[in-house]
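Worksheet for the structure shown next.
Throughout, numbering of the chain's residues begins at 1 and tracks the sequence. Remember, it's a predicted structure, so these values are computed and weren't measured experimentally.
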Amino acid sequence: MNKPVTLRLATAMNESADPRVLGTIAMPGVAVAIWHRRPAPDWQAWLDALPPQNLPRLRQVLRPKDAPAALAAACDAAGLAPGPHRRALIADIASLALQAAHHLNALLINLHLKVSAGQDCPRWHLDAVDARLLCTLRGAGTQFGPASAPAEVSALRQVPTGSVALFRGRNWAGETTGILHRSPPAIPGQTRLLVVVDAAAEAASC
């Protein structure tokens with residue numbers, strides 16, 4: 001009689017100001033990799049001051065190299081005027097799409113720009129994917145922590161605005177992921193802009 005297989009629990013949280021830290025998500029035991037970034041103050045002030053209706057929205061399956069064109073179209077649809085800050089926004093998100101595709105070994109990606117004034121995913125959870133890149137460009141970042149129960153965490157932490165997090169999901173092969181995450185509680189008057197990237201075959205939401 002075969003014994004049930006006990007999977008190793010991955011709980012390590014790797015963090016660095018070096019973007020190469022995202023590649024450590026493939027290391028045994030690593031549940032989340034966080035690239036700490038500090039956006040240029042003038043660019044962040046511009047983004048934070050935009051009216052919510054001018055924030056680009058997008059949900060599209062595409063090749064990573066097609067992200068700039070899709071993002072430009074999303075900016076046009078939102079009435080976001082051309083200029084150096086808009087170009088920087090498009091370039092940054094397109095770069096994140098390329099990095100996610102590389103680390104997820106994906107030829108096609110789901111690129112999702114979520115604009116929200118509420119708490120989209122209030123439950124502590126694992127996404128139904130192998131892994132997912134999350135980057136909050138405006139507003140409060142994603143909350144996360146070690147699972148202390150099926151839908152609870154201990155040692156609550158939060159990804160800083162502008163930083164990039166690559167979270168393992170519940171479909172990661174060979175190990176169980178022990179780090180849960182959720183959207184932060186809504187802050188009155190604050191609108192978030194969240195970049196979400198995962199492999200195109202894994203379109204499941206939280």
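Hydrophobic clustering, with ILVMFWY side chains joined whenever heavy atoms are under 4.5 angstrom apart, keeps Leu134 apart from Leu113. Under a hydrophobic-cluster definition in which Ile, Leu, Val, Met, Phe, Trp and Tyr are linked whenever side-chain heavy atoms come within less than 4.5 Å, directly or via other members, Leu180 and Phe144 are assigned to different clusters. Linking Ile, Leu, Val, Met, Phe, Trp and Tyr whenever their side-chain heavy atoms come within less than 4.5 Å puts Leu193 and Leu58 in one cluster.
Enclosure of atom CG in Asn105 is not indicated, since only 12 or fewer non-hydrogen atoms of other residues, nucleotides or ligands lie within 6.0 angstrom. Shown here is Leu156, whose CG atom has more than 12 heavy atoms of other residues, nucleotides or ligands within 6.0 Å. Enclosure of atom CZ in Arg38 is not indicated, since only 12 or fewer non-hydrogen atoms of other residues, nucleotides or ligands lie within 6.0 angstrom.
Applying the salt bridge (Lys or Arg N to Asp or Glu O under 4.0 Å) definition to pairs two or more places apart or across chains, none involves residues 102-111.
Rounding to the nearest 0.5 angstrom, the gap separating the CD1 atom in Ile109 from the CG atom in Asp198 is 9.0 Å. Distance check: Leu133 CG to Leu104 CG gives 7.5 Å after rounding to the nearest 0.5 Å. For the atom pair CG of Leu80 and CZ of Arg86, the computed distance is 6.0 Å after rounding to the nearest 0.5 Å. Once rounded to the nearest 0.5 Å, the distance linking NE2 of His112 with CZ of Arg59 reads 4.5 Å. If you take SG on Cys121 and CG on Leu194, they are separated by 9.0 Å, rounding to the nearest 0.5 Å.
Look at Asp92 and Arg87 and you find no salt bridge, because none of the NZ, NE, NH1 or NH2 atoms lies under 4.0 Å from a carboxylate O. Salt bridge annotation for Arg157-Glu15: present, with a cationic side-chain nitrogen under 4.0 angstrom from a carboxylate oxygen.
Side-chain polar atoms of Thr24 and Asn14 form a donor-acceptor pair below 3.5 angstrom. No side-chain donor-acceptor contact under 3.5 Å links Asn171 and Asp130. Donor-acceptor pairing under 3.5 Å is recorded for the side chains of Arg192 and Thr136.
Residues Pro146 and Ala155 come closest through the heavy atom pair CD-O, 4.1 Å.
The aromatic rings of His125 and His181 sit tilted relative to each other, their planes meeting at an angle between 30° and 60°.
Under a cutoff of 6.0 Å and an axis angle of 45°, Arg170 and Trp172 do not form a cation-pi pair.
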